[in-house]
2 protein chains.
Amino acid sequence: MATIYQVSELAKVSLATVSRVMNGNAKVSDKTREKVLLAMKELGYRPNSIAQSLASSRGNSIGLLVSELHGAFFGEMMAGVESELRSAGKHIIVTTGHSIEEKEKEGIEFLISRNCDAIILHVEAVSDEYLEELSKGKTPIFIISRYVENLAEQCISLDNELGGYLATKSLLDLGHTDIACIAGPQYKFDAKARFDGYKRALAEYNITFNEELFYSADFKETGGSEGIAHLMAQQQKFTGLVCGNDEMASGAMNFARERGLSLPEDLSVVGFDDVIFARYIHPKLTTILNPVNEMGRMAAKLVLKQIYQTKEQTIQQVFKPSLIVRESTQLINR
Amino acid sequence: MATIYQVSELAKVSLATVSRVMNGNAKVSDKTREKVLLAMKELGYRPNSIAQSLASSRGNSIGLLVSELHGAFFGEMMAGVESELRSAGKHIIVTTGHSIEEKEKEGIEFLISRNCDAIILHVEAVSDEYLEELSKGKTPIFIISRYVENLAEQCISLDNELGGYLATKSLLDLGHTDIACIAGPQYKFDAKARFDGYKRALAEYNITFNEELFYSADFKETGGSEGIAHLMAQQQKFTGLVCGNDEMASGAMNFARERGLSLPEDLSVVGFDDVIFARYIHPKLTTILNPVNEMGRMAAKLVLKQIYQTKEQTIQQVFKPSLIVRESTQLINR
DNA sequence: TTGTAAGCGTTATCAC
DNA sequence: GTGATAACGCTTACAA
């Protein structure tokens, strides 16, 4: 690989001049610029971004930490972040945290140690305090799909509580009064907020929360099956079911059908996220739209604005979820 | 951020010694090691991997280029690569190529310029020649889900032709003789190979390929709808349909049903890939299993073996697809 | 406008 | 074992 030094030799100018034409900012005469460009071409020169980064302590890249690399949810999130940043000429460095505190921290350290100009985090296991501490460091952090009170300026989040409320209310409005809930892991902020929304809607309709109609699972399809198995084992009838996400809704529906229920006649189910396969599920899933892709884009715009001083007009920090009515819910059968 | 220099000061040793205890290889007395470790802890020292990389011209990270960050296919692939590498203590740097030659090259250059120890590529637009040329450079390359003859040692691929053959044969074996095909973009290697397999199966059953029963689309759901719209507009009946991937199969099935066909009675459809939602499609999709996750893991093992000299036993370079029979295909109706 | 030279935070090659 | 010190490839004052 050719270095800047060889280019400078060939072009008969100094290192500094080569650096200048690369970075385009400082003034260089057209004549010398031509010489340098020519030399670069001849040598097939490519700047070593590691060296650039070390010398300038900038990276021209943004770190992105997500919990997983697979799954519709993260895929859309990453794609949103990447496309916005890429069109601004920035690269992203992706790594994972697997919702495990230790791994999340390790991932963050990796990104920081790579001199990222900023890092965008989707973290679920580390505490708010840790993030606040982290934000005092020299690498700016941005948080996606989570709201940290003291870091509000850096957060792009969804009003999950509202989502849980809307999901539950949609069932209440259809006449259901016995509504079960399979929530996500309660140590996860979004899972908890969704569940809070469920309780608020119930309260608003003067229905007292019934512990026997609640189950907390793991956001996976199998968790949904377990959840409904548990609920059906209780001696409590229910005609509506609110799930913490679409995967669990799918698992629950499959299990319910296997147990002889017909859907949505015997049980109305509503999911959360509106991941891509929600409309493939049979019956098509009524769910809450979680605009992850948009949120990803917005997080990218936020870093563009705050870090690279681009003029982004529309920064929206808190997104509102909305109800998507499909075929898995219906008026209560009496 | 503390540097190695501050650690050396605090521990009252030289830079070199600190570096030695970090890298663990050279001999350091237990006493000094303790001192250094203590100093590191006190300062909360983290090595700057950019500087390490520049000095050692190694990166302890592997570049990964995929076409997209979203979608079940790439999600599984990335997850496979990452999990294998992560458990070997290596980080990955992910970037995208969007199946566009220019962007693929730019992505590759980005990864090379980041001093990756090796790069794993899923590229569709660049030519075999370009890859061969690239492989002569100092960064080792590995290719996933594509077979390049002169780079066979570095490739992890799927026998797509066999997949196309199996898909088509499954229909032939069910008695179908008029079998249409909605293939992927023919400039993509895998799409073409799958189509080749389709033709081979037909030939084996003495059925001549009919151009009117063929459509080439874009691997997306909408492409599937367009495809079947086109096919149904021809005056050629067909009772079987082979699709280049599951997305297109889904699009085609939806469209067919909207046009009043009942599935699988009027039309047997087989997909390709067995992405996660294949079993959500109604009727559940018969398809070809494409073990992308496994292939991702294998690519990772290959770099582990070739680059880091770990002892990986089982390197399998060419994967065989297999047929997954579900409910979207059935014996021909007469 | 162009050149000189001092870093950036490590690793690695020598001596001691 | 340990310590100087020269790279690594580039950026960036400061001079000229």
Side-chain angles (χ1 to χ4, degrees), chain A residues 1-37 39-40 43-61 109-117 137-139, chain B residues 1-37 39-40 43-61 109-117 137-139:
Chain A
M1 256 294 135
T3 73
I4 198 177
Y5 180 71
Q6 306 177 36
V7 174
S8 79
E9 268 189 324
L10 216 178
K12 297 190 203 314
V13 296
S14 71
L15 287 187
T17 303
V18 178
S19 176
R20 287 188 187 104
V21 349
M22 281 180 46
N23 298 300
N25 29 7
K27 308 126 212 319
V28 181
S29 77
D30 287 359
K31 227 175 288 177
T32 40
R33 162 172 293 105
E34 287 312 310
K35 282 197 299 186
V36 172
L37 257 19
M40 285 189 183
L43 292 163
Y45 171 75
R46 295 284 149 203
N48 177 324
S49 61
I50 293 287
Q52 287 182 312
S53 176
L54 183 60
S56 65
S57 61
R58 274 180 274 101
N60 245 272
S61 65
E109 270 164 13
F110 171 73
L111 294 174
I112 291 178
S113 81
R114 302 299 290 194
N115 268 197
C116 292
D117 296 340
K138 88 169 203 290
T139 307
Chain B
M1 255 294 138
T3 73
I4 199 177
Y5 180 71
Q6 307 177 33
V7 175
S8 79
E9 269 190 323
L10 213 177
K12 298 190 205 312
V13 296
S14 72
L15 288 187
T17 303
V18 179
S19 176
R20 286 188 187 103
V21 350
M22 280 180 48
N23 298 299
N25 29 6
K27 313 127 210 317
V28 182
S29 78
D30 287 0
K31 226 175 290 176
T32 40
R33 163 172 293 105
E34 287 311 311
K35 282 197 300 187
V36 172
L37 256 20
M40 284 187 181
L43 292 164
Y45 171 74
R46 296 282 150 205
N48 177 323
S49 61
I50 293 287
Q52 287 182 313
S53 178
L54 182 60
S56 65
S57 62
R58 272 180 276 101
N60 244 271
S61 65
E109 270 165 11
F110 171 73
L111 294 173
I112 292 179
S113 82
R114 302 299 291 195
N115 268 198
C116 292
D117 295 341
K138 86 170 206 288
T139 307

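Every heavy atom of this structure was used, including side-chain atoms; hydrogens, water molecules and symmetry mates were not. In the text below, chain A, chain B and the rest are named by the order of the sequence lines, each starting its count at 1.
- Minimum heavy-atom separation, Asp117(B) to Gly59(B): OD1-N, 2.6 Å.
- Distances shown here put a side-chain N or O of Thr17(A) below 4.0 Å from the OP1 or OP2 atom of dG3(C).
- Between Lys31(A) atom NZ and dT1(C) atom C1' the separation is 12 Å, expressed in whole Å.
- Residues meeting the side-chain contact (heavy atoms from CB on, under 4.5 Å) test with Ser29(A), sequence neighbours left out: Lys31(A), Thr32(A).
- Pairs engaging residues 2-18 of chain A under the side chain to side chain donor-acceptor pair (under 3.5 Å) rule: Ser14(A)-Thr17(A) [sequence neighbours left out].
- Residue Ser57(B) is classed as having no contact, given no heavy-atom separation below 4.0 Å to the nucleic acid.
- The interatomic distance linking Asn115(B) (CG) with dG9(C) (P) rounds to 18 Å, in whole Å.
- What you find for Ala39(B) and Leu10(B) is that their closest heavy atoms are CB-CB, 4.0 Å.
- Legend: residues meeting side-chain contact (heavy atoms from CB on, under 4.5 Å) with Ala55(B), ordered by chain and number and at least two apart, are absent.
- Taking Ile112(A) as the reference, Ile108(A), Ile119(A), Leu134(A), Thr139(A) meet the side-chain contact (heavy atoms from CB on, under 4.5 Å) condition, with sequence neighbours excluded.
- The minimum heavy-atom distance linking Pro47(B) with Gln52(B) is given by the pair CB-NE2, 3.6 Å.
- Nearest approach of Val18(A) to Ile4(A), heavy atoms of both residues: CG1-CG1, 3.3 Å.
- When rounded to the nearest whole Å, the span between CG of Leu54(A) and C1' of dT10(C) equals 8 Å.
- For dT2(D), one of the phosphate oxygens OP1 or OP2 lies less than 4.0 angstrom from a side-chain nitrogen or oxygen of Thr32(B).
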- Task: Let me have a per-nucleotide readout for nucleotides 10-16 of chain D, 5' to 3', with B, S or -, counting only protein heavy atoms under 4.0 Å.
- Result: BBBB---
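- Direction change of the helix axis from one end of the helix from dT1(C)-dA16(D) to dC16(C)-dG1(D) to the other is 40°, with five pairs defining each end axis (rounded to 10°).
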